[in-house]
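Please read the structure below before turning to the comments.
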Amino acid sequence: MENPAFATGIHNTSEIGRLRKVMLHRPGKELENLMPEYLERLLFDDIPYLKVAQEEHDAFADCLRKCGVEVLYLRDLVAQSMVNDSVREELVESFLDEAGLEGHRIRAIVKDYFSAMDNLTLVDTMMAGIRKSDIRGFETGKLSDYLSFTADDYPFLVDPMPNLYFTRDPFATIGTGVSLHKMHTVTRNRETLFGKFIFEHHPLYEKAPKWYDRGETSSIEGGDILVLSPKVLAVGISQRTQEDSIDKFARTVLSISQTFQKVLAFNIPKSRSFMHLDTVFTMVDRDKFTVHPNILHEITVFVLEMDGGKVRIKEEQGTLENILKEHLELDQVTLIRCGSDNVVDSAREQWSDGSNTLAIAPGEVVVYGRNYVTNRILEDNGVKIHTIPCSELSRGRGGPRCMSMPFVREDVN
């Protein structure tokens, strides 16, 4: 199943292999449906200016293309997955279910609203959310229906999905398969519906094996999964990824995969500043990592390996440096601190994801331009950097790795 010749359209065996194909989501009108009153509900701290956010995202995509990366877009893949009317109808019904729209009348009105849209417009509308002011038809129905529709001041019939431009989280590509996630929050769990249709119906990706499925009962998110090597995966036990999910995920990958031999489960603080494992460290070269200074003290890692058909768990404590050296079989490891040793620079640049880099080849990364202290240290350590603008993108609290989902990487020699 891990043979790269297997036609799944997915091949990802490391964090640093030369990136050949990646999926992004260009921010859309979902950002214009953010309101100050409901930021917490939608997991945002601020409201990006869409026009500039799109310009910055286009610069990100252009940077990748100039480096030889084929850029795919989430909206296109979902639209291409609607291979016939039956699949489109299934997507619409599933979307209405997960939006919590109950009652024949309201569902009929929304389906009528969708009916004149082509597939791309339909996907864009689902992502943007539906304002009550966009819907017509209740005026000619029953008074009880109309009063139900206008019962409160909440302006949305269906919430927007503003976190979608962080494509790293709803699913993760691992080896030649995919982990399709149950997200920690209802707000983001609807995003994985798009992944479900891509990996069930898209002609290029429907054969990809699933290491995890969105129908599971405990949460796991892609920002907590790092493919450290063809043998070793890392997963964060975090604010958004639960232990039961890691058990299930590890058991499936380790029992079916022909290459992965162990999963390292890192126990990280359960807070927004440590939201995912990739907010505290990312791999930039074979032996170099960017890190949040607060994880440089002793940490706990659980090593999960197969033993006689069952997963065996071993607890280890030590420094991140020693843990990485041991399990990646490295003679030395360089940990590059976000913001260096200065507590002010470190806090500021960690807030704008200075340690959330996207490796596009060994020792070559894409970074936010604003994190100039960390970027200088990366260059001092021999890492080639490509900087992208981010004044608006960074308001969503995610960096270049968060905004990208690799589909194809070359193997690292």
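Because the structure is a prediction, the values reported are computed rather than measured.
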Is a side-chain N or O of [X] found less than 3.5 angstrom from the main chain of [Y], in a donor-acceptor match?
{"X": "S346", "Y": "V343", "result": "no"}
{"X": "D278", "Y": "N356", "result": "no"}
{"X": "Q350", "Y": "R348", "result": "no"}
{"X": "N381", "Y": "I336", "result": "no"}
{"X": "T387", "Y": "G369", "result": "no"}

Would you say the side-chain atoms of [X] and [Y] include a donor-acceptor pair closer than 3.5 Å?
{"X": "H181", "Y": "D213", "result": "no"}
{"X": "T282", "Y": "T357", "result": "yes"}
{"X": "E221", "Y": "T241", "result": "no"}
{"X": "T290", "Y": "S355", "result": "no"}
{"X": "T374", "Y": "N371", "result": "no"}
{"X": "N267", "Y": "T300", "result": "no"}
{"X": "N322", "Y": "T319", "result": "yes"}
{"X": "D244", "Y": "S218", "result": "no"}
{"X": "R88", "Y": "N119", "result": "yes"}
{"X": "H386", "Y": "E364", "result": "yes"}

If we only count heavy atoms from C-beta on, is the [X] to [Y] side-chain gap below 4.5 Å?
{"X": "I16", "Y": "I360", "result": "no"}
{"X": "K262", "Y": "K231", "result": "no"}
{"X": "F44", "Y": "E40", "result": "no"}
{"X": "F194", "Y": "L77", "result": "no"}
{"X": "L122", "Y": "V92", "result": "yes"}
{"X": "D247", "Y": "V311", "result": "no"}
{"X": "R409", "Y": "R20", "result": "no"}
{"X": "Q317", "Y": "I299", "result": "no"}

Inter-residue atom distance [X].[atom1] - [Y].[atom2], 0.5 Å rounding:
{"X": "I268", "Y": "F281", "atom1": "CD1", "atom2": "CZ", "result": "9.0 Å"}
{"X": "F95", "Y": "T125", "atom1": "CZ", "atom2": "OG1", "result": "8.5 Å"}
{"X": "L358", "Y": "E15", "atom1": "CG", "atom2": "CD", "result": "9.0 Å"}
{"X": "K51", "Y": "L31", "atom1": "NZ", "atom2": "CG", "result": "14.5 Å"}
{"X": "S238", "Y": "E243", "atom1": "OG", "atom2": "CD", "result": "9.5 Å"}
{"X": "L74", "Y": "E191", "atom1": "CG", "atom2": "CD", "result": "9.0 Å"}

Heavy-atom count around [X] [atom1] within 6.0 Å, excluding the residue itself: above 12?
{"X": "E89", "atom1": "CD", "answer": "no"}
{"X": "E37", "atom1": "CD", "answer": "yes"}
{"X": "N84", "atom1": "CG", "answer": "yes"}
{"X": "H104", "atom1": "NE2", "answer": "no"}
{"X": "E102", "atom1": "CD", "answer": "no"}

For residues 56-63, tabulate all N or O donor-acceptor pairs below 3.5 Å that involve a side-chain atom, not counting sequence neighbours.
residue	atom	partner	partner atom	Å
E56	OE1	E392	N	3.1
E56	OE1	L393	N	2.9
E56	OE2	S391	N	2.8
E56	OE2	S391	OG	2.7
E56	OE2	E392	N	3.2
H57	NE2	H25	O	3.1
D58	OD1	R26	NE	2.8
D58	OD2	R26	NE	3.4
D58	OD2	R26	NH2	3.0
D62	OD1	R65	NH1	3.0

*Indicate, with yes or no, if the rings of Y154 and Y38 have centres closer together than 6.0 Å.*
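Yes.
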*What about F407 and Y205, are their ring centers closer than 6.0 Å?*
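Centroid distance F407-Y205: below 6.0 Å, so yes.
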*Test ring-ring contact (aromatic ring centres under 6.0 Å, His included) applied to F302 and F266, step by step*: CA-CA 7 Å; F302 300 92; F266 287 87; over 10 Å; no
_Is there a ring-ring contact (aromatic ring centres under 6.0 Å, His included) between Y212 and F171? Walk through the geometry before answering._
CA-CA 9 Å; Y212 200 82; F171 59 84; over 10 Å; no
*List the steps, then state whether side-chain contact (heavy atoms from CB on, under 4.5 Å) holds for R286 with V412.*
CA-CA 9 Å; R286 293 171 177 83; V412 178; 3.6 Å; yes
*asked:* Between L157 and L101, does the side-chain contact (heavy atoms from CB on, under 4.5 Å) criterion hold? Intermediate values first, please.
replied: CA-CA 8 Å; L157 186 62; L101 296 186; 4.0 Å; yes
